[in-house]
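To keep things clear, I will list the structure first and then write my remarks on it.
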Protein chains: 2
Amino acid sequence: MPPAPPQPKNANSTVIPIRAFGTSAEPSAPLVVSDPCGSCHSRTYSLCACLPPGRLENLAQTVTRTRLRAHETLFERGEKAEFVYTVTSGALKLYSLLPDGRRQIVGFPYPGDFLNVGPQESHLFSCEAVTETTLCRFTRSEYAAFLENYRELKQALVERTGDELQLAQMQMTVLGRKTASERVASFLLQLLNKRSQLSANVVHLPMTRTDIADYLGLTTETVSRTFSQFRRDGLINLTISERVGLTNVAALSQLAAGLRS
Amino acid sequence: MPPAPPQPKNANSTVIPIRAFGTSAEPSAPLVVSDPCGSCHSRTYSLCACLPPGRLENLAQTVTRTRLRAHETLFERGEKAEFVYTVTSGALKLYSLLPDGRRQIVGFPYPGDFLNVGPQESHLFSCEAVTETTLCRFTRSEYAAFLENYRELKQALVERTGDELQLAQMQMTVLGRKTASERVASFLLQLLNKRSQLSANVVHLPMTRTDIADYLGLTTETVSRTFSQFRRDGLINLTISERVGLTNVAALSQLAAGLRS
DNA sequence: CGCCCACTTGACCACGATCAATACCGGTGG
DNA sequence: CCACCGGTATTGATCGTGGTCAAGTGGGCG
């Protein structure tokens with residue numbers, strides 16, 4: 001099988017999905033690592049963090065570490081859900097598509113995040129890589145067995161899923177009730193609170209403006225205009241399009257909270 | 001302590017919250033029922049459904065069955081979260097408020113639904129009764145102990161929370177990307193798929209138009225107009241404002257799915 | 001160097017919000 | 001019985017935020 005062709009850069013609906021895993025294509029060969037968990041950068045804040053070192057080794061026996069290049073598809077809506085994943089580096093986007101191409105990104109899984117599926121058989125959302133991304137992959141059945149054997153892991157999963165739920169509910173408030181600038185401010189602060197930020201008050205935006213728009217229920221143009229407005233107002237410092245300095249976090253927080261200004 | 005005063009009917013931001021539980025007020029006395037679980041109408045589809053009868057009795061020992069009248073508050077954002085609940089009849093609304101009064105309802109917990117809280121100490125959302133509602137109340141610590149002792153209960157909780165998460169993510173798509181009529185159609189179909197419906201294709205709307213609007217990210221006026229439009233188009237049959245007959249479910253489904261018409 | 005794409009900016013438009021008036025419904029009391 | 005009242009729902013007129021359409025800019029990569 002030839003290596004995967006260079007994937008189209010276009011993030012819109014015309015993208016030809018490139019299967020990363022599955023029955024028919026395997027463009028990214030699994031990485032072979034002798035001690036995957038020992039060298040894992042996100043071990044301390046992923047679900048695995050709850051396991052003592054000895055048990056971590058058992059987990060390591062069933063994991064497949066793997067890599068996606070930017071814009072590669074991890075899975076698509078409707079596909080049978082065979083695996084669960086932990087993100088170890090890079091970033092993904094999880095989204096749904098309406099028949100006419102409208103897209104809603106429901107999350108950007110970052111290192112340490114766990115990609116679960118509900119009890120049902122198939123994926124309700126599609127997922128692709130924003131940037132080059134590495135993941136730990138487990139079969140659902142093997143992972144389920146672990147959950148049965150290691151209570152602390154199951155407990156961690158319960159807590160994390162509950163957290164995710166509340167995050168999603170807070171995002172519902174963003175989407176249902178906030179103005180464009182409040183949404184963008186909320187988004188910037190949300191990124192600021194992630195582990196993987198460059199330095200204090202500087203946020204890295206690996207995703208495109210279209211991705212941000214599809215996450216916030218806006219259009220690219222509105223996102224772009226809002227960034228420009230923030231810059232004019234001295235709230236942010238935007239030199240490259242993928243790096244934002246938050247120069248007035250207090251004002252951004254006020255905006256994000258919905259305190260009219 | 002005098003009995004609770006008649007609560008204001010107004011569901012807007014000027015409502016004086018009436019504490020149902022907590023340190024300072026107890027307007028609704030706990031109901032004393034000899035065999036609460038045995039007579040529970042939602043037992044078959046609530047979390048408890050996973051427990052065999054014998055273990056159900058253990059659960060029954062720690063439960064406090066209780067009742068809220070319409071518009072009574074169960075808890076408010078920021079309050080310490082002492083309890084978890086299962087709804088057994090009626091309906092609640094779970095919502096967040098922005099400082100200027102904008103409100104987003106993130107869910108209408110119905111009979112069988114479980115009101116959990118994340119790992120953190122206090123509530124992130126407020127919750128009040130839409131109609132007269134009965135609940136089973138457990139202290140968090142007692143419930144946590146149950147979860148440790150009964151694996152099947154913990155497993156059921158994991159699955160249910162995962163389901164809720166996916167539901168919330170689908171609602172993000174509604175809020176971020178759907179038009180007003182698509183939102184209303186989605187909402188009606190969502191209610192149609194609940195257990196507690198009157199008869200085939202007739203949906204009961206216990207909540208006000210304002211509640212529906214705050215759930216869908218719209219205004220009362222837009223919700224009302226959309227209902228009227230649906231009636232003119234022969235999609236629904238609306239005689240009383242709280243009862244809707246869905247006369248063309250197929251067309252509503254198309255609308256809800258986002259197939260432009 | 002030049003192409004491609006993402007981003008930015010501008011002009012105009014439309015969907016749903018806002019403001020306002022009226023209809024409706026249940027409850028209460030004369 | 002009807003008049004009145006408070007709260008909710010409906011309908012109409014107008015407005016504004018953010019979407020749409022279009023043109024221009026700029027960076028990365030072959």
Side-chain angles (χ1 to χ4, degrees), chain A residues 5-15 70-71 98 100-104 130-131 174-184 205-214 216-232 236 238-244 255 258 260-261, chain B residues 6-15 70-71 98 100-104 130-131 174-184 205-214 216-232 236 238-244 255 258 260:
Chain A
Q7 65 280 9
K9 299 291 169 48
N10 181 359
N12 287 331
S13 49
T14 52
V15 170
H71 310 117
L98 299 187
D100 63 359
R102 280 175 285 171
R103 187 176 65 158
Q104 178 66 43
V130 171
T131 62
V174 171
L175 293 169
R177 286 298 178 221
K178 290 194 187 175
T179 66
S181 51
E182 288 166 355
R183 294 181 201 206
V184 174
L205 302 174
M207 64 292 287
T208 66
R209 297 289 186 266
T210 305
D211 287 341
I212 298 173
D214 285 347
L216 296 176
L218 300 170
T219 59
T220 344
E221 294 93 329
T222 299
V223 171
S224 189
R225 274 188 254 272
T226 306
F227 277 135
S228 301
Q229 188 60 49
F230 281 2
R231 187 174 39 189
R232 263 175 259 130
I236 64 172
L238 186 60
T239 50
I240 335 172
S241 66
E242 69 198 21
R243 189 159 304 188
V244 186
L255 242 186
R260 297 312 221 139
S261 60
Chain B
Q7 66 278 11
K9 298 292 170 49
N10 182 0
N12 286 331
S13 49
T14 51
V15 169
H71 311 118
L98 298 188
D100 63 359
R102 281 175 285 172
R103 187 176 65 156
Q104 178 66 42
V130 171
T131 61
V174 171
L175 292 168
R177 286 299 179 220
K178 291 194 187 176
T179 65
S181 51
E182 289 167 354
R183 294 182 200 204
V184 174
L205 302 174
M207 65 292 287
T208 66
R209 296 290 185 264
T210 304
D211 287 342
I212 298 173
D214 285 347
L216 295 176
L218 300 170
T219 58
T220 357
E221 293 93 331
T222 299
V223 170
S224 189
R225 274 187 253 273
T226 306
F227 277 136
S228 300
Q229 188 60 48
F230 281 2
R231 187 174 38 192
R232 264 175 255 131
I236 63 172
L238 186 60
T239 50
I240 334 172
S241 68
E242 69 197 20
R243 188 159 304 189
V244 187
L255 243 186
R260 297 316 219 130

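Residue numbers begin at 1 in each chain, while the letters A, B, ... track the order of the sequences.
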Next item on the list: Starting from the 5' end of DNA chain C, give me the residue, A/Arg177 or A/Met207, whose nearest nucleotide shows up first.
Entry: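 Final value for this comparison: A/Met207.
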Note to self: Check the phosphate of D/dT8 against B/Thr208, side-chain N and O only, distance under 4.0 Å to OP1 or OP2. Yes or no?
What the structure shows: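 Checking D/dT8 against B/Thr208, no side-chain N or O comes under 4.0 Å of OP1 or OP2.
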For [X], all residues meeting side-chain contact (heavy atoms from CB on, under 4.5 Å), sequence neighbours excluded:
X: A/Thr222; answer: A/Ala180, A/Leu218, A/Thr219, A/Thr226
X: B/Ser224; answer: none
X: B/Thr220; answer: B/Arg209, B/Thr210

Note to self: Can you pull out the residues from residues 221-229 of chain A that lie within a 4.0 Å heavy-atom distance of DNA chain C?
What the structure shows: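 Here the set is A/Glu221, A/Ser224, A/Arg225, A/Ser228.
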Rounded off to whole Å, could you give me the [atom1]-to-[atom2] distance for the [X] and [N] pair?
X: B/Arg183; N: C/dG16; atom1: CZ; atom2: P; answer: 7 Å
X: B/Arg102; N: C/dT18; atom1: CZ; atom2: C1'; answer: 14 Å
X: B/Leu216; N: C/dG16; atom1: CG; atom2: P; answer: 12 Å
X: B/Ile212; N: D/dT10; atom1: CD1; atom2: C1'; answer: 14 Å
X: B/Ile240; N: D/dT8; atom1: CD1; atom2: P; answer: 17 Å
X: A/Leu205; N: C/dA6; atom1: CG; atom2: P; answer: 16 Å
X: B/Arg243; N: D/dA9; atom1: CZ; atom2: C1'; answer: 17 Å
X: A/Arg231; N: C/dT9; atom1: CZ; atom2: P; answer: 6 Å

If you check every side-chain atom of [X], which of [options] has the closest atom?
X: A/Arg209; options: D/dT11, D/dT10, C/dC7; value: C/dC7
X: B/Ala180; options: C/dG16, D/dA9, C/dT9; value: C/dG16
X: B/Thr179; options: C/dA17, C/dG16, C/dC7; value: C/dG16

Next item on the list: Indicate, with a heavy-atom threshold strictly under 4.0 Å, whether B/Leu238 touches base, sugar-phosphate, or nothing.
Entry: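 It contacts sugar-phosphate atoms only.
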Note to self: Does B/Leu218 reach a base, just sugar-phosphate, or nothing at all? Heavy atoms under 4.0 Å.
What the structure shows: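 Touches sugar-phosphate only.
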Margin query: Can you confirm whether B/Lys178 sits close enough to B/Leu216 that some side-chain heavy atom of one is under 4.5 Å from a side-chain heavy atom of the other?
Written below: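 Answer no - side chains too far apart.
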Next item on the list: Please identify each residue that fulfils side chain to side chain donor-acceptor pair (under 3.5 Å) with A/Glu242, with sequence neighbours left out.
Entry: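 Checked A/Glu242 against side chain to side chain donor-acceptor pair (under 3.5 Å); zero matches.
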Notebook entry, point to check: Can you name the residues that form a salt bridge (Lys or Arg N to Asp or Glu O under 4.0 Å) with A/Arg177, not counting sequence neighbours?
Noted result: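 Scan of A/Arg177 (salt bridge (Lys or Arg N to Asp or Glu O under 4.0 Å), adjacent residues dropped) gives B/Asp214.
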Check: Checking side-chain contact (heavy atoms from CB on, under 4.5 Å) for the pair B/Asp211/B/Arg103: CA distance, chi angles, key distance, verdict?
Finding: CA-CA 9 Å; B/Asp211 287 342; B/Arg103 187 176 65 156; 2.8 Å; yes
